[in-house]
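Every chain is numbered from 1, with letters handed out A, B, ... down the list of sequences. A quick note: this is a predicted structure, and the numbers were derived from the prediction, not measured.
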Protein chains: 2
Amino acid sequence: MRLTSKGRYAVSAMVDLNNQRDQGPITLSAISERQYISLSYLEQLFRRLRESGLVNSVRGPGGGYLLAKDAVDISVADIIRAVNEPVRTTMCENGIRGCHRGQRCDTHQLWESLGLHIYRFMDSVSLAQVCAKDAVLNHIQLGDVARYLPADPMAEGMIKIEAIS
Amino acid sequence: MRLTSKGRYAVSAMVDLNNQRDQGPITLSAISERQYISLSYLEQLFRRLRESGLVNSVRGPGGGYLLAKDAVDISVADIIRAVNEPVRTTMCENGIRGCHRGQRCDTHQLWESLGLHIYRFMDSVSLAQVCAKDAVLNHIQLGDVARYLPADPMAEGMIKIEAIS
DNA sequence: TTAATTCCGACTAATTTAGTCAAGTATATA
DNA sequence: TATATACTTGACTAAATTAGTCGGAATTAA
């Protein structure tokens with residue numbers, strides 16, 4: 001999980017796309033103007049968003065981009081994952097096994113787990129939640145981070161998140 | 001909040017430091033060997049960790065680094081924040097007000113809020129939690145992400161996290 | 001005094017981010 | 001059909017960040 005301004009750009013663009021979803025296909029130049037992101041850079045980002053199945057494209061005049069699914073089914077993590085390269089594991093050559101110099105990297109699983117947590121958290125925030133607050137309050141309330149649940153509750157213990165205020 | 005392998009290195013080093021805390025000051029070369037991080041790069045990272053008050057240094061032979069506070073009082077976010085440059089806000093020139101070209105950047109507060117969430121989550125995981133599981137299971141259980149609370153519960157609503165399994 | 005070790009600044013290389021450019025291809029519409 | 005619109009693609013560049021390297025200076029235990 002990488003978190004840089006690249007992901008920020010992508011999230012901003014997707015928010016824009018969803019906010020304008022009644023207008024039919026949205027052109028990148030329109031997004032470019034509203035979000036102050038260069039058209040060419042948006043082209044790069046949307047190539048990836050399309051390849052990840054998050055947006056559909058319509059070519060020709062009147063064309064543009066549309067969300068491929070409902071905003072409640074798109075998480076912030078989906079968007080960030082789409083535009084980022086897969087994380088380069090600098091410390092470990094292979095995946096979860098066999099770390100470099102033939103020795104076990106004893107912090108590998110540790111970071112894997114921590115990364116998983118962050119990932120799940122980001123996956124718990126949907127584009128719809130982000131957009132709703134953007135439109136209404138321009139601000140996300142903590143209480144709206146609905147549920148933060150592991151894919152298999154039995155596997156690793158389970159956390160319940162409740163808004164209590 | 002930026003999340004790259006730089007932060008990973010720093011967290012790994014801090015985990016190592018805490019795991020060896022009974023041994024007195026720990027030299028960077030020892031950490032370098034155990035964690036496969038170059039000594040010079042560790043020097044860069046520890047300069048920042050020291051400036052942020054997360055570690056104390058002891059110079060001269062027998063010297064090295066020690067955690068400046070108890071591991072329960074150091075969050076993963078503290079560590080990552082320490083080694084990273086302050087985030088460059090590419091889209092907005094000033095802080096929370098006055099975005100570029102004189103116009104209001106309508107996704108600024110949005111991302112501020114989302115970033116705040118991620119931040120708080122990372123702040124809820126302490127080095128001690130990370131280390132405990134590293135030593136025993138080499139794995140963090142979800143149920144151990146103890147509390148995820150805003151600094152001022154009244155300000156923005158409040159979330160309670162409970163392990164329920 | 002000597003060796004171990006942190007401290008510090010300047011430098012470099014690799015990678016990623018951000019952005020440009022110059023072509024294409026598809027298609028609605030005049 | 002012609003044309004303008006808009007996506008698609010690949011190659012390229014510049015800036016920033018990451019991940020180091022290097023050489024020395026300061027500190028201090030032995």
Visitor: Hey, does A:Ile79 have a side-chain heavy atom less than 4.5 Å from the side chain of A:Met122?
Guide: no
Visitor: Could you check if a side-chain atom of A:Lys69 sits within less than 4.5 angstrom of a side-chain atom of A:Ile74, using non-hydrogen atoms only?
Guide: yes
Visitor: Rounded to the nearest angstrom, tell me the gap between atom CG in A:Leu42 and atom P in D:dT9.
Guide: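 It is 16 Å, rounded to the nearest whole Å.
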Visitor: Using a cut-off of 4.0 Å between protein heavy atoms and nucleotide atoms, how would you tag nucleotides 20-30 of chain C 5' to 3' with B, S and -?
Guide: B---BBBBB--
Visitor: Check side-chain hydrogen bond (donor to acceptor under 3.5 Å, both in side chains) between A:Ser40 and all other residues, then give those that pass, not counting sequence neighbours.
Guide: none
Visitor: Report which part of the nucleic acid A:Phe46 touches: base, sugar-phosphate, or nothing (heavy-atom distance under 4.0 Å, all strands).
Guide: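 No contact.
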Visitor: Over how many whole Å does the gap from B:Asn84 atom CG to D:dA16 atom P extend?
Guide: 17 Å
Visitor: Run the side chain to side chain contact (heavy atoms under 4.5 Å, CB included) test against B:Glu33 and tell me which residues pass, sequence neighbours left out.
Guide: none
Visitor: Measuring to OP1 and OP2 of D:dT8, would you say a side-chain N or O of A:Ser57 lies under 4.0 angstrom away?
Guide: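 Yes, within the criterion.
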Visitor: Quick one: side chain to side chain contact (heavy atoms under 4.5 Å, CB included) partners of B:Gln44, sequence neighbours excluded?
Guide: B:Tyr41
Visitor: Are any of B:Ser5's side-chain N or O atoms less than 4.0 Å away from OP1 or OP2 of D:dT18?
Guide: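 No, no such contact exists.
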Visitor: Are B:Tyr9 and D:dT18 close enough that a side-chain N or O sits under 4.0 Å from OP1 or OP2?
Guide: no
Visitor: Please give me every residue in residues 23-31 of chain A whose heavy atoms get under 4.0 Å of an atom in DNA chain C, ordered by residue number.
Guide: none
Visitor: Would you please name every residue forming a side-chain hydrogen bond (donor to acceptor under 3.5 Å, both in side chains) with B:Ser75, sequence neighbours left out?
Guide: B:Asp78, B:Asp123
Visitor: What does A:Arg50 touch in the nucleic acid at a heavy-atom separation under 4.0 angstrom: a base, only the sugar-phosphate, or nothing?
Guide: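 Answer is sugar-phosphate: A:Arg50 comes under 4.0 Å of backbone atoms only.
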